[in-house]
Amino acid sequence: MTTRQQDTRDTARLNVQGMDCGGCERKVESALEGLSQVEQVSASSMSGTVSVTGYVGQALDHDALSRTLAKIGYPVVDASPTASSTPPWWGSAKGRLVLVSGALLVIAWLLAWRLPEVGAWPFILATLVGWVPIGQAAWRALRMGNPLTIEMLMTIAALGALAIGAAAEAAVVVFLFAVGELLEGVAAGQARRRIAALANLAPSTARLLEGDAIRDVPADALTPGQRVLVRPGDRVPCDGRIVTGASHLDESPINGESVPRQRAVGEDIWAGTVNLDAALEVEVTRGAADNTIARIIHLVEEAQAAKAPVARFIDRFARWYMPLVVGVALLVAVVPPWLTGLAWSESVYRALALLLIACPCALVISTPAAIAAGLSTAARRGLLIKGGAVLEQLGKLQRVAVDKTGTLTAGAPSVTDVEGWDEPSEQEIVRLAAALEQDSNHPVAKAIVQHAQKLGLSLGRASESQAQAGQGVSGQFEGRELTLVSPRHWRGTQSQQACIAALEAQGKTVVLLLDGECALGVVALRDEPREDTPAAIAALNRLGVSVVMLSGDNARTVAAMGEQLGIDAEGELMPEDKAQRVRDWQAQGLGPVGKVGDGINDAPALAAADVGIAMGGGTDVALETADAALLKNRVMGVAELIALSRATLRNVKTNVALALGFKALFLVSTVLGITGMWVAVMADTGATVLVTLNAMRLLGYRFRSPVLGNGR
């Protein structure tokens, strides 16, 4: 766990328990930075780890680090919390607290309704049960010299409300705070599971070639120079170079390429890709710790750490608000009796009323109430948003980078053109090609068969069909020797070559149908845009958001698609290239950047972006890595997300204005003695009700597309 660097600085990477949010990170960093042996600290709630660097020539005391972390409630554990070690939310301490305090709150309301003579005791009990862990956290932070934490703010708010008789309000605020803390813990657990999902892309075993013998070995034990056998249907276990064989490989897990690519001797292939046609002998070029999957994992972890949440607003607010309010209350309680002869009982009464009005209950509720309503509305429309911070950030996006395959497009090729040469009609070309492809699972084969079915053709099945490794398929049908191949190595007439070149210039994949040596015609395929893609791009432009396509597909296909959709486009990008484009835009100050994608190849860019958005039909890794997901798999959902976020932000600003406006008005009237404590209770409760009702308006929100009118 400790390594020595060349400059003799001692470093440690500690796995800690219970660190779920940006506030937790700041507490950990503040506590460890106070140790004389520590020069630098970096805490990551996403991975549940703390990286510590000591001073030159000074060894880190791991026991001291562990004791310090334990004192503030974040004990060091042996292993990083992963999917297998993370309990369901209801099984966690925070989950149990929410369930218990929520049940007590419901019981308290029922008793107040049916048995009012019981008084406020049920609410007091509910408040104290929910407050105990908050108070413990506030006390631990206070002992470490950090008094102005959100836990201390909630402690003052809750106990102050109890002291002046607002027990019901205190119970509600404590419960809402517990729910917020639970949601942060759930989000952190999901983030940790992302890494495990990435690692599962590579197979666990490989078929190692040793002379004429073959034996299964762990894939992570492979070293450069060894050779492995990759059979058809197998995932490639390593980054390597083909020594023997030729085959089509499905590279979509790595670069998003919609159509499998032919790879032959001397070409590099990547771990996690899928061999489709023929057996390959591959020489290992990188070990497991440095292969493509490992590098993608590193990029995701790095991007997540780089975008760790900034200090929560309420923490910053407490730095000046609470000391100011307490100071003013003390002055109201002490100064008037000395200067004006006001009775002490009256001045203390005014001070308590002032504290009640200043209690940030309405402010505490205003933002989460609007955020919760916005999240609920989004979920009802099939838009999954992973937390309020993401919802807020969505409305600020000024540029969105969008993947091509499976995002702007359907994710699978479809037949776009059929050219019959000599005598065959277009339908005859499709019928013969489909007969050859009936038994194939290749994406091109599926597209041709589906097109034939769509045309209502009667389909036959070729006999003696056989795949020609890395080339195509051949077979006998109706007395003909048919072959469906790539025209790459074929030489036809000048007009035939011009036809093929024109189709390929449009970014289409072309396959040639031969009868013996005679060319019958060609079928062109392309992964076409989704039906709503043009309207979605127009809607985003109307919202002031620019759209850029970033794809791993070949540059010609991407350029053609970009021209068709009227957007900037870049092709042949590896995962790290996409992430780097996002970081470059951020560094250039182009505003918050969003990334939309559907595959593992998009994971680093999804994590690097200010907001990552995954298509609902994409890979589990993309869904886990992203901050939001479009469960209906519609590109228009991106515009809906941004419009809903902006509506929510407007609602939040209104709520804050209402809460602060009420407080400003009644703070002045209370200090002057115009209003008393009962008015203070009504003012604070009234503000809370108002902001809650205003937030509930979002539940009826309907997206109005700038292009299409009302959303469906």
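- The shortest heavy-atom contact between I642 and L394 is CG1-O, 3.8 Å.
- Minimum heavy-atom separation, V593 to L397: C-CD2, 3.6 Å.
- Tested against V415, the residues L525, V449, V511 include a single side-chain contact (heavy atoms from CB on, under 4.5 Å) partner, L525.
- Looking only at distances, no side-chain donor or acceptor of E504 sits under 3.5 Å from a matching main-chain atom of A501.
- For the pair D403/L408, no side-chain contact is recorded, criterion being any heavy-atom separation below 4.5 Å from C-beta on.
- Rounding to the nearest 0.5 Å places CG of D577 at 11.5 Å from OG of S551.
- Remark: side-chain polar atoms of Q497 are paired, donor with acceptor, to backbone N or O of W490 under 3.5 angstrom.
- Two residues are said to be in side-chain contact when any heavy atoms from C-beta on lie closer than 4.5 Å; C238 and V284 meet this criterion.
- At most 12 non-hydrogen atoms from other residues, nucleotides or ligands lie less than 6.0 angstrom from CD of Q40.
- How far CD1 of I567 is from CG of N541: 9.0 Å, rounded to the nearest 0.5 Å.
- For the pair D234 (side chain) and V230 (backbone), a donor-acceptor distance under 3.5 Å is absent.
- Summarising the geometry, atom CG belonging to D568 is positioned 10.0 Å from atom CG belonging to L550; distances are rounded to the nearest 0.5 Å.
- Other residues, nucleotides and ligands contribute only 12 or fewer heavy atoms inside 6.0 Å of the CD atom of E531.
- Remark: the backbone N or O of K404 is not paired with any side-chain donor or acceptor of T407 at under 3.5 angstrom.
- The two residues Q564 and R526 have their closest heavy-atom pair at OE1-NH2, 3.2 Å.
- The pair R241-E283 does not count as a salt bridge, with every side-chain nitrogen at least 4.0 angstrom from each carboxylate oxygen.
- K508 NZ to E528 CD: the interatomic distance, rounded to the nearest 0.5 Å, is 7.0 Å.
- Considering only heavy atoms from C-beta on, L222 comes within 4.5 Å of V217 through its side chain.
- Side-chain atoms of T648 come within 3.5 Å of backbone N or O of L644 as a donor-acceptor pair.
- Residues D527 and A410 share a closest heavy-atom pair of OD1-N, 3.4 Å.
- A 4.5 Å side-chain heavy-atom check between V41 and S51 finds every atom pair outside the cut-off.
- Looking only at atom types and distance, the side chain of Q588 has no donor-acceptor partner in the side chain of D584 under 3.5 Å away.
- Counting heavy atoms from C-beta outward, T223 and Q226 have side chains that approach closer than 4.5 Å.
- Residues D239 and T285 bring no donor and acceptor atom of their side chains to less than 3.5 Å of each other.
- Side-chain contact between E570 and V558 is absent, with no heavy-atom pair separated by less than 4.5 Å.
- The two residues A219 and P203 make their nearest non-hydrogen contact at CB-O, 3.2 Å.
- Side chains of I613 and V611 form a contact here, defined as non-hydrogen atoms less than 4.5 Å apart.
- Contact annotation: the side chain of L249 approaches that of L280 to within less than 4.5 Å [non-hydrogen atoms, C-beta and beyond].
- Here the shortest heavy-atom pairing between L208 and R227 reads CD1-O, 3.2 Å.
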